[in-house]
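Right, one structure below, let's go through it.
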Amino acid sequence: MEKKNRFVQMAVIVFAGFLIIGTFAANLSGKYGQDGWKLYFTQMGETLKQDSFVKESYFFYVLRLRMMEAAALWLSSMTAFGAVSLWAALGWLGFTCGVRIALGTMVFGKRGILYFLCSILPQAVFYIPAILLLGIRGFQVYSFMRKQRSFSQYRRIRMGRDLLLLIILLLCLLPGIICECYINPLLLKAYF
């Protein structure tokens, strides 16, 4: 139990640390970053207001993107760099959250936090636990294989259970993808 608590504390520290780094990076970009994001927000607002915004093609784009990210995390976590890939995924999530919060507040002021909540929070509720579980389970597969040194023994003992868990975790990403494709545009349309 103590090991799990230490892992959760470390995960929160990594996420929060990169959130702070992302905030500083966005603030250091200064006027150039702010001008680029103003242009991005303007274009995004115009795109969301158009009736020709095709949500189905956007859904399949995001589905393909998130599945590739999940597969890359799963495969990299089953190597000797498994722990590094998990911390890198958490760090990247924290960094992007920090950048979005900082640039949202630079462009919109206090309303920037509301932009952040509309743009990233609904799907993050599903993505973060699924990413953590994917990385942890992949690293457990690597640890088992390193101890046993036999793929046939792994296949006989654990492969079916791990593949079932992978499918379940990928299905856990699906509500996040649905939020990102259908709920976030509605929230952002109301916001803009």
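Closest of all the heavy-atom pairs between V14 and G91 is CG1-N, 4.0 Å. The minimum heavy-atom distance linking L73 with S85 is given by the pair CD1-O, 3.8 Å. Considering every non-hydrogen atom in both A124 and P129, the closest pair reads O-CD, 4.0 Å. Q123 approaches G176 most closely through the heavy-atom pair CB-O, 3.2 Å.
Using a 4.5 Å cut-off between side-chain heavy atoms of Ile, Leu, Val, Met, Phe, Trp and Tyr, with links allowed through other members, L65 and L63 fall into the same hydrophobic cluster. Hydrophobic clustering, with ILVMFWY side chains joined whenever heavy atoms are under 4.5 angstrom apart, keeps L19 apart from F24. Hydrophobic clustering (ILVMFWY, side-chain heavy atoms < 4.5 Å, transitive): M10 and F95 are in one cluster. By the criterion of side-chain heavy atoms lying less than 4.5 angstrom apart, applied directly or through intervening Ile, Leu, Val, Met, Phe, Trp or Tyr residues, V62 is grouped together with L174 in one hydrophobic cluster.
Residue Y127 holds its OH atom at 4.0 Å from CD of E180, rounded to the nearest 0.5 Å. Atoms SG and CZ, on C97 and F18 in that order, are 13.0 Å from each other to the nearest 0.5 Å. Within the model, atoms CZ of R66 and CD1 of I177 stand 7.5 Å from one another, a figure rounded to the nearest 0.5 Å. Distance check: I101 CD1 to I20 CD1 gives 10.5 Å after rounding to the nearest 0.5 Å. Note: N184 CG to L117 CG = 11.0 Å, rounded to the nearest 0.5 Å.
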(request) Report the C-alpha distance between V99 and T23 in whole Å, list the side-chain angles of each, state the deciding distance to 0.1 Å, and finish with yes or no for side-chain contact (heavy atoms from CB on, under 4.5 Å). (result) CA-CA 5 Å; V99 167; T23 304; over 6 Å; no
(message) What verdict does the side-chain contact (heavy atoms from CB on, under 4.5 Å) test give for F126 and L173, after you've listed the backbone C-alpha separation in whole Å, the side-chain angles of each residue and the deciding distance to 0.1 Å?
(response) CA-CA 6 Å; F126 299 103; L173 287 174; over 6 Å; no
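Environment of CH2 in W87: crowded, with over 12 heavy atoms of neighbouring residues, nucleotides or ligands closer than 6.0 Å. Shown here is M67, whose CE atom has more than 12 heavy atoms of other residues, nucleotides or ligands within 6.0 Å.
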